[in-house]
Every structure is written in C-alpha cells, then in structure tokens.
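Here the structure comes first, spelled out in structure tokens, and everything after it is commentary.
Basis for what follows: all heavy atoms, side chains included, without hydrogens, waters or symmetry-related copies.
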Amino acid sequence: MAMRITTKMMQNTSLRNLNINKYRQEKLTNQLATGKKISRPSDDPVIAIRALKLNASLDKIDQYYEKNAADAESWLKLTDSAISTVNEILSTDVRSNINQACNSYMNADDRKKIIEHLTNAVEEIYSTGNASSAGRSIFTGYRTDMSLTMRTDKKQLNTITEQLTNAAIQKKIFVTTGDLKSINEGNFMDKETTEYDVKTYDIYRIRLAYGDVDIEAVKDANGQPVLDADGKQVYKSNIDLGFMTKAQVTDDNRVKLETGSVTAYVNIDTTKVPVQAVFTDALGTVLQDGAGNDLKLEPGDTMTGPNGETYSYGKDGKITIQNSKTKPEETVTIGSSITKGEDGKSVVKFDEKYKTSLKVDNIYPTGTDDDAYLSVTGEDNADKITYIADTGELLLGENVQKRLAGLSSDTELRVTYDKTNWKENDLDPVHYFYTERTQKDASGKEKVVNYNEKFLEDPTASGKQIIEYDIGNNQSLRVNTTADEVFTHDMGRDMLEVVEMLNEYGSLEESLNTVEKMMKSEKYDEGSDEYKQLELQKKALGEAMTRVGDKINKRCKDLLDDCDGYLDKAQLAGTDCGARGSRLKLIQNRLNAQQTDFGELVSTNEDADYTDLVIQLKSVEMTYNAALSSISYVMQTSLLDFIR
C-alpha cells in the first residue's frame with residue numbers, strides 16, 4: 001500500500017536533517033576549537049573510559065617525575081655537597097694540621113695557627129651538618145624541623161644516656177706537671193715541682209660525647225661547702241656508669257639477680273610471658289637471698305640482707321640491691337610494671353635486662369689538677385672511678401678497666417649524666433642518644449620530653465630515621481643520610497683534644513721562657529737560693545716539655561689513623577648517597593620515557609586530527625549550504641500550490 005507524502009512532512013524532514021547537519025557542524029567546530037575528540041563522556045564512552053585510565057596513570061607519572069623525583073634529586077645533591085665539604089676538610093685541613101702538630105720543634109706562632117685551624121675545622125664540619133633542603137634539615141631524620149647542632153649558646157637540662165661497649169675504653173697518656181704551668185716572677189719560690197715529680201702515666205678512660213657536664217658542689221645544713229680531708233671541695237653528680245645483663249630465669253622459676261658474691265631471686269609465675277613475678281598478696285612481693293631467706297617487701301620498703309646488702313622495692317616498681325662489699329661498690333637495678341591479674345592479684349612484669357651500676361668514687365670539676373688523674377693510678381686506686389666534669393671523662397682504675405674489658409663485646413655499657421650548658425655548634429643529643437629534655441610548654445610550665453626511648457630496648461637496632469620517597473609504582477628511594485653516618489662526637493672531641501695538648505705545651509713553654517729570662521737578668525746572683533730554684537724549675541720544665549711533646553707526638557700519630565677512619569666513614573656515606581643518586585637518574589630516565597609514551601597514548605585517544613577535521617568541516621558546510629538551498633525551495637511550496 002502506497003504511503004501518502006505531504007508537503008508538511010517534507011518540510012519537517014528537511015528541517016530535521018538540517019538540524020542534524022548543523023549539529024555535526026557544531027561538533028566538528030568544538031573539536032577544532034578544543035583539539036579534543038569529545039567534550040563530554042556521552043560523546044564517546046569508550047574514549048572517555050580510556051581517557052580516565054590513561055590520565056590517571058599519566059598524573060601518577062607526572063607526580064613521580066616532576067615532583068617526587070625532582071625533590072629527591074635536590075635532597076641527594078645537597079647531601080652529597082655537604083658530605084664532600086666534610087671530606088675536603090678532613091682530608092686537607094684536619095689531617096695536615098694534625099700531622100704538623102706531631103712536630104715537637106714548632107714555635108708558638110705555628111702552634112697558634114694549628115689551634116686556630118683545628119678549631120675552625122670543627123666548627124665548619126658541624127655547621128655543614130646543618131644543611132637544609134627547602135627548610136628541612138637533611139641529616140636529622142624525621143626531625144627535619146630541628147638543626148643538627150645547637151644554634152646558640154643556651155642553658156637547657158638534658159639527661160643523656162649513652163649506650164656503649166667496652167670498645168669505648170681508651171688509653172690516655174697523662175703527664176704530671178704540677179704547678180709548672182703557672183710559674184711567674186712573683187710566685188716561683190713557692191713552686192715545688194721538680195723534674196723528678198714529672199712522670200708519665202697510662203690512664204684508662206671512657207670519654208663521653210660531651211664535656212662541661214653537670215656536677216654540684218656539696219653543702220652542709222648551713223649552706224657551707226663540704227670539704228674533704230685535703231680541704232678540697234666535695235662534688236656530687238647523677239652520673240651512672242654500669243653494664244646491662246639479661247635477666248635469667250632459673251629452673252625453679254625465679255628471676256636471678258647477681259651482684260658480686262650476692263645472688264638474689266624473685267619468685268615468678270611461668271604462665272606469664274615474658275619474665276614476671278607474682279606478689280604473695282596484693283601489697284608485697286617476696287625476694288630470696290642466696291641463703292634461701294625470704295625477704296618480703298612492700299612498695300617503698302628497704303631492708304638489709306644477711307650479707308650486708310641492701311634490698312629496696314621502689315613505688316615505681318624498681319627492685320634495687322646495693323652491695324657495699326664489692327670494689328667498686330655495686331648497685332643492681334631491675335625495673336618492672338605492676339598490673340592486676342584475672343584472679344585479682346597484683347602481677348609485676350620485669351624488664352628483660354637489669355643494670356649493674358658501679359659507684360663513682362671521685363668527682364672533679366676540671367682536669368687541670370694532677371690529682372684528678374692520679375686518683376686512679378697505683379694499686380691503692382685500682383678499684384676507683386673518677387669523673388671529670390669539664391672534659392667529660394670517666395677515669396678507670398686498673399681493676400675496673402680489666403673487669404669492663406673482660407665483658408663480652410656485645411655487653412652494653414650504659415652511662416647516664418646531665419648536661420645543662422650548651423654552646424653553639426654542640427651536636428644536639430636527641431639525634432644520637434636516649435635523651436630526657438626539660439623544656440617549657442606553651443603555658444611556660446616545665447615538662448620532660450623523652451627522645452629515642454626505643455634505643456633502651458634494643459641498642460643493636462639502628463634506630464635510623466629513614467626518609468623514603470615514592471618514585472614509581474611500588475618503588476621507593478631513600479633520600480636522607482642520618483647524622484651518625486657522617487658526624488660523630490669523637491671527630492670534634494679528638495681535634496679539640498689536640499688543641500688542649502698544644503695549649504698545655506704552650507703554657508709550659510711560656511713558663512720556661514719566663515724562667516730563662518729571669519736567669520739572664522742580673523736580679524738573681526748565681527749561687528743564690530732564688531737562682532738555684534730557677535735552675536731546678538728550668539730542668540723540671542724541660543723534662544715536662546719533653547714528655548708532653550712525646551705525648552702530643554704519639555697522640556697525633558694515633559689521631560691520623562682515627563682521622564682516616566672518620567674520612568672513610570664520610571666517604572662511605574658519600575658513596576652511598578652517590579649510588580642512590582645514580583639509581584635515581586636511571587629511574588628518572590625511565591619515568592621520562594613513560595611520561596612520553598603515556599602522553600602519546602593520551603593524545604592518540606583524546607586529541608582530534610586537525611587536517612581531517614578541516615576536511616570534514618568543509619564537507620559539512622558545503623552539505624549545509626546545499627541543504628539550505630533545497631530546503632528553501634521545499635519551504636516555498638504548499639498544498640495550495642498543488643490545488644491551483
């Protein structure tokens with residue numbers, strides 16, 4: 001059956017086709033203007049989905065390449081530059097000046113220059129450690145808002161715990177010079193040191209990371225200084241030197257603590273893990289001494305055992321055994337925490353290690369007095385320990401040194417002390433040790449902030465605060481070098497020790513020049529008591545200078561090896577940093593290639609072909625114009641035209 005076509009139908013169809021043609025023209029014009037195949041997902045869902053995936057991948061690559069990798073590259077370059085500076089200072093300035101210091105025939109000006117150069121070298125090395133990247137300190141781990149060193153001189157209490165091994169015990173040469181360094185024309189007759197009093201000793205020591213540590217003068221109830229038998233001021237300090245021992249559990253389920261010949265046991269419950277002791281009731285616990293005697297203690301109690309040892313159970317959960325019969329006197333301490341068991345009884349969880357602290361017998365503010373070093377020499381002082389505040393040295397008697405040296409190489413020596421006075425360029429202890437820092441909060445109230453608590457749990461763990469950047473899918477790169485890999489406390493302490501020895505030699509030389517000048521003057525007749533005294537002092541000073549010169553020579557030769565060790569350490573850190581930089585370069589090249597490839601894929605998927613668009617647009621325009629012409633004819637015709 002034939003369908004009737006009306007004029008109106010022809011007009012509607014023509015207009016609809018004209019609109020479609022116009023839509024195509026608009027679409028092509030938009031593509032030509034934007035350069036994109038689609039402007040909305042509905043234009044082509046397939047292209048839209050692919051565009052989302054490709055652009056997401058490209059955005060990740062852009063983030064990795066243009067931001068993360070670029071930031072990592074900047075960090076590594078700054079680190080490498082800082083390490084290179086340290087290497088240059090160590091290999092040139094420091095090494096050459098220490099080598100010159102070995103020369104016993106230097107004059108005062110030469111020594112002055114060496115002292116100046118070494119002092120400046122220490123400052124420059126530690127200042128280099130404050131290098132930053134975009135305001136972030138690059139050697140301080142996660143604490144990028146803190147500098148490596150103290151920026152200014154200040155007073156702030158820090159309780160520092162150094163975790164060492166017996167490898168930290170050093171042998172130091174000490175020369176007794178008595179009062180020879182302070183001879184002048186007004187007091188030379190009162191100086192009694194002779195050449196026979198000038199002697200050389202080998203002193204064993206543990207040198208702390210810092211000098212100028214805290215001590216306090218002891219005063220009586222009236223606030224007057226307390227003096228010893230020789231009339232010298234008595235000092236006290238919180239210094240705690242000891243070694244850590246693993247808490248043992250015996251076959252009969254007891255914690256075993258030992259101090260000297262005294263062995264004590266704490267009853268434990270083996271159903272609890274790890275080492276735990278169960279109170280006999282809600283208030284007290286039972287300790288047993290070596291004789292099997294029960295010593296019941298409640299929190300806060302102290303009692304004396306059968307062998308004269310003192311047992312204490314602190315309210316903070318610490319059990320302490322003090323043995324005064326050992327040499328040096330020992331104090332064993334194990335910490336614990338108290339909880340309630342399911343049965344309602346109190347349960348105490350002990351630390352996995354306990355500490356044996358050795359009593360420090362002598363405390364001196366400075367080491368300028370020969371007595372400080374002589375206090376650990378000879379058989380009578382073989383069990384003594386001396387602490388010198390300004391040098392930060394723990395001097396060990398021969399028996400103490402042998403005992404600590406006899407410990408296994410993995411035994412932890414632990415030294416805790418206070419330091420309040422800080423100077424500019426002192427290394428900040430929070431980057432190296434467990435530190436309890438007293439500081440003020442926003443309200444001005446003092447509080448204690450603990451740093452690096454995990455160091456106490458496991459000193460063998462690196463504890464490094466590694467910063468890694470994501471520079472690819474499931475790919476990261478370490479960008480930071482931690483302070484301990486380059487900057488050590490010994491590095492500066494060794495150089496400043498050379499400075500101190502050169503100053504000591506200079507003081508003796510100055511005294512010798514004074515004596516010789518006095519002898520050449522006509523003020524004192526040969527044969528007079530004064531002249532004879534000057535002759536004795538000249539011999540004593542000559543002997544002292546010879547011995548101190550030998551000490552400087554030997555110490556500096558050893559320091560050359562140490563300096564090579566510091567240089568090797570810094571070079572190793574630099575090599576590691578360079579290797580990471582090389583790896584980053586390879587990754588950047590790959591990311592660059594990926595960025596190009598994905599950019600091309602995105603372009604292929606989204607970008608329009610301008611040549612093809614122009615041809616299509618011209619074709620559409622021609623079609624549109626032709627359609628307009630034909631439609632104008634159709635629109636002019638109506639039903640009336642056919643009726644006529």
Side-chain angles (χ1 to χ4, degrees), residues 104 108 111 172-205 215 217 225-235 361-382 384 386-391 393 395 397-398 497 500-555:
S104 301
R111 282 195 302 275
K172 175 180 180 177
I173 299 175
F174 170 67
V175 178
T176 57
T177 58
D179 50 18
L180 293 175
K181 289 180 285 188
S182 59
I183 293 177
N184 58 53
E185 191 169 359
N187 63 17
F188 76 98
M189 288 299 293
D190 299 326
K191 305 301 182 181
E192 299 177 353
T193 303
T194 68
E195 63 179 311
Y196 303 106
D197 297 320
V198 179
K199 298 179 181 179
T200 301
Y201 295 91
D202 286 336
I203 304 292
Y204 292 98
R205 70 171 181 183
I215 60 172
V226 176
L227 306 180
D228 61 16
D230 297 325
K232 294 184 177 181
Q233 173 69 62
V234 177
Y235 294 89
D361 301 279
N362 308 298
I363 298 176
Y364 287 85
T366 70
T368 55
D369 190 340
D370 289 351
D371 291 344
Y373 292 95
L374 293 176
S375 65
V376 293
T377 60
E379 294 184 4
D380 294 340
N381 298 319
K384 301 291 186 181
T386 293
Y387 183 43
I388 304 178
D390 72 331
T391 61
E393 291 177 298
L395 310 181
E398 186 177 0
E497 196 165 78
E500 291 171 2
M501 289 189 296
L502 292 175
N503 283 328
E504 180 184 16
Y505 189 91
S507 296
L508 293 171
E509 185 179 55
E510 187 176 342
S511 293
L512 179 61
N513 292 336
T514 298
V515 169
E516 289 179 339
K517 183 177 179 181
M518 292 167 62
M519 292 178 68
K520 291 178 181 179
S521 70
E522 299 178 354
K523 189 173 182 179
Y524 307 103
D525 296 331
E526 292 188 23
S528 65
D529 292 340
E530 291 85 354
Y531 197 86
K532 291 179 180 179
Q533 176 73 351
L534 291 172
E535 287 182 322
L536 292 174
Q537 289 173 347
K538 182 179 178 180
K539 291 181 180 180
L541 285 164
E543 180 68 18
M545 290 177 64
T546 299
R547 290 178 180 264
V548 171
D550 291 342
K551 177 179 74 171
I552 294 174
N553 186 277
K554 186 177 186 309
R555 179 61 176 143

Query raised in the report: Got a salt bridge between R205 and E497, using NZ or NE/NH1/NH2 to carboxylate O under 4.0 Å?
Result: yes

Report task. Test I173 against K554 for side-chain contact (heavy atoms from CB on, under 4.5 Å), laying out the working first. Result -> CA-CA 9 Å; I173 299 175; K554 186 177 186 309; 3.4 Å; yes

**Report entry** Validation row: K517, T514 side chains within 4.5 angstrom (heavy atoms)
**Finding:** no

Query raised in the report: Among all residues two or more places apart in sequence or in another chain, which pass the salt bridge (charged side-chain N to carboxylate O under 4.0 Å, His left out) test with E543?
Result: R547

Requested in this report: Output the distance between atom CG (D371) and atom CG (L374), rounded to the nearest 0.5 Å.
Outcome: 6.0 Å

Query raised in the report: Residues two or more places apart in sequence or in another chain: which of them pass salt bridge (charged side-chain N to carboxylate O under 4.0 Å, His left out) with D197?
Result: none

Report summary line: Separation between CG (N362) and NZ (K232), nearest 0.5 Å, reads 10.5 Å

Query - E504 and T177, any side-chain heavy atoms less than 4.5 Å apart - result: yes

**Report entry** Results of side-chain hydrogen bond (donor to acceptor under 3.5 Å, both in side chains) for S511 - residues two or more places apart only
**Finding:** none

Query raised in the report: CG of D550 to CE of M545: how many Å apart, nearest 0.5 Å?
Result: 11.5 Å

Requested in this report: Would you give the length of the straight line joining atom OH of Y196 to atom NZ of K539, rounded to the nearest 0.5 angstrom?
Outcome: 7.0 Å

Query raised in the report: Between V548 and M501, what is the shortest heavy-atom contact and its length?
Result: CG1-O, 4.4 Å

**Report entry** Under 3.5 Å: donor-acceptor pair, side chain of N187, backbone of D190
**Finding:** no

Query raised in the report: Quick one: are D390 and Y364 in side-chain contact, heavy atoms under 4.5 Å?
Result: no

Requested in this report: Indicate yes or no: at least one non-hydrogen side-chain atom of L395 is less than 4.5 angstrom from one of Y204.
Outcome: no

Report summary line: side-chain hydrogen bond (donor to acceptor under 3.5 Å, both in side chains) filter on K191, not counting sequence neighbours, yields S182

Requested in this report: Quick one: closest heavy-atom pair of G367 and A372, and the distance?
Outcome: CA-CB, 4.4 Å

Requested in this report: Assess whether atom CD of E195 is packed by more than 12 heavy atoms of other residues, nucleotides or ligands within 6.0 Å.
Outcome: yes

Query raised in the report: Got T386 and D361 here, is their nearest side-chain heavy-atom distance under 4.5 Å?
Result: no

Query - Min side-chain heavy-atom separation K538-L512 under 4.5 Å - result: yes

Report task. Look up atom CD1 in I183 and atom OG in S507, then write down how far apart they are to the nearest 0.5 Å. Result -> 11.5 Å

Report summary line: Heavy-atom nearest pair, L180 first then A544, reads CD1-CB, 4.0 Å

**Report entry** Distance in Å, D369 CG paired with S375 OG, rounded so as to fall on 0.5 Å steps
**Finding:** 9.5 Å

Report task. Say whether, by atom type as modelled, one donor and one acceptor occur between the side chain of E185 and the main chain of M518 under 3.5 angstrom. Result -> no

Query raised in the report: Is the count of non-hydrogen atoms from other residues, nucleotides or ligands lying under 6.0 Å from K551 atom NZ greater than 12?
Result: yes

Query - Neighbour count >12 (heavy atoms, 6.0 Å) for atom CG, D380 - result: no

Query raised in the report: Could you give all pairs that pass the ring pair (Phe, Tyr, Trp, His ring centres under 6.0 Å) test and reach residues 507-536, with sequence neighbours left out?
Result: F188-Y524

Query raised in the report: Minimum heavy-atom separation for V234 to L227, with atom names?
Result: CG2-C, 3.7 Å

Query raised in the report: Given the rule in the side-chain contact (heavy atoms from CB on, under 4.5 Å) test, do M189 and E530 qualify, once you have shown the distances and angles that lead to the verdict?
Result: CA-CA 7 Å; M189 288 299 293; E530 291 85 354; 3.9 Å; yes

Query raised in the report: Is any side-chain heavy atom of I215 less than 4.5 Å from a side-chain heavy atom of Y387?
Result: yes

Requested in this report: For Y373, check ring pair (Phe, Tyr, Trp, His ring centres under 6.0 Å) against everything at least two apart and list the hits.
Outcome: F174

**Report entry** Residues D179 and T193: side-chain donor-acceptor under 3.5 angstrom
**Finding:** yes

Requested in this report: For the residue pair N513 and V515, establish whether any side-chain heavy-atom pair is separated by less than 4.5 Å.
Outcome: no

Query - Short side-chain to backbone donor-acceptor contact, T200 and V175, under 3.5 Å - result: no

**Report entry** Pair E393 + K172, salt bridge at N-O below 4.0 Å
**Finding:** yes

Report summary line: Nearest heavy-atom approach of P365 to Y235 is CD-CE1, 3.5 Å

Query raised in the report: Do other residues, nucleotides or ligands put more than 12 heavy atoms under 6.0 Å from E535 CD?
Result: yes

